[in-house]
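This report concerns only the one structure given below.
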Amino acid sequence: VVLAHGRAMLAEDEFTVVVRADIRQPAQILSDPAVRGLIDFGRPVAVIASAVLHHLLDEEDPLGIISALCDAVPAGSCLFVSHFRTLGDPDSAALEAVMLEAFGRGRWRTDEQIGQFFGDMRLTPPGIVPCAQWRPDAGPGDLTLYQQLIVAGLGRK
């Protein structure tokens with residue numbers, strides 16, 4: 001239903017396609033004719049992994065998935081990641097438990113583990129920081145615990 005609805009909404013948008021794929025199978029995504037017809041993999045592009053990697057368990061090889069996607073794009077391309085992080089303290093652990101119960105699965109990672117997704121890419125300042133601190137027009141003020149647990153980073157290949 002979601003696939004059909006997405007395709008109907010974007011039917012007249014020549015710059016967007018909706019494909020049925022599983023991020024755990026990056027070769028399937030990269031070889032999809034609709035994706036290949038839209039994206040010129042000879043030119044720099046952006047790989048956007050927004051709010052998806054924390055749903056993948058370590059045994060599903062999220063690092064390998066991101067590596068496969070980034071290996072398919074040329075120099076000058078970017079990778080954006082947003083991800084739930086663990087702070088290793090009791091308050092954030094309690095919030096993690098609540099959210100994991102709501103999601104049913106997932107893996108919160110440390111800043112260091114999240115940084116591994118970028119491999120040898122150059123991180124764009126301010127690096128991997130809470131989303132609320134990523135280039136705000138004005139200072140974000142004191143961050144809530146939830147705001148501290150969702151971080152983002154942008155790297156350039």
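When a residue number appears, it is its place in the shown sequence, counting from 1. Since this is a predicted model, take the numbers as computed values, not measurements. Quick note: numbers below take in every heavy atom, side chains included, and nothing from hydrogens, waters or symmetry partners.
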With a 4.5 Å cut-off on side-chain heavy atoms, are Val73 and Leu69 touching?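 The answer is no; the side chains never approach within 4.5 Å.
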Side chain to side chain, Arg156 and Cys78, heavy atoms closer than 4.5 Å: yes
Could you grab the distance from atom CZ of Arg24 to atom CD1 of Ile65, nearest 0.5 Å is fine? 8.0 Å
Run the side-chain contact (heavy atoms from CB on, under 4.5 Å) test against Thr124 and tell me which residues pass, sequence neighbours left out.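 Checked Thr124 against side-chain contact (heavy atoms from CB on, under 4.5 Å); matches are Trp134, Arg135, Leu154.
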When Ile, Leu, Val, Met, Phe, Trp and Tyr are grouped by side-chain heavy atoms lying under 4.5 Å apart, directly or through other members, which residues fall in the same group as Phe84?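 Listed partners: Leu87, Leu95, Met99, Leu100, Phe103, Trp108, Leu145, Tyr146, Leu149, Ile150.
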Which atom pairs, one a donor and one an acceptor, fall under 3.5 Å between side chains of residues 33-50 and the rest of the protein, sequence neighbours left out?
from, atom 1, to, atom 2, distance (Å)
Arg36, NE, Leu30, O, 3.1
Asp40, OD1, Gly42, N, 2.8
Ser50, OG, Ser82, OG, 3.3

Shortest non-hydrogen contact from Ile29 toward Asp22: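 In this case the closest contact between Ile29 and Asp22 is CD1-O, 3.8 Å.
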Shortest non-hydrogen contact between Lys157 and Cys70, atoms and distance: NZ-O, 2.6 Å
For Leu53 and Ile66, what are the C-alpha separation, side-chain angles and deciding distance, and is it a side-chain contact (heavy atoms from CB on, under 4.5 Å)? CA-CA 9 Å; Leu53 296 173; Ile66 291 299; 3.9 Å; yes
Enumerate the residue pairs fulfilling salt bridge (charged side-chain N to carboxylate O under 4.0 Å, His left out) with a member in residues 97-109, sequence neighbours excluded, ordered by first and then second residue.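 Applying salt bridge (charged side-chain N to carboxylate O under 4.0 Å, His left out) to every pair that reaches into residues 97-109, excluding sequence neighbours, yields Asp58-Arg107, Asp58-Arg109, Glu60-Arg105.
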Not counting sequence neighbours, list each pair that qualifies as a salt bridge (charged side-chain N to carboxylate O under 4.0 Å, His left out) and has a residue in residues 69-84. none
Hey, can you pull the donor-acceptor pairs under 3.5 Å for the side chains in residues 114-122, sequence neighbours left out?
none

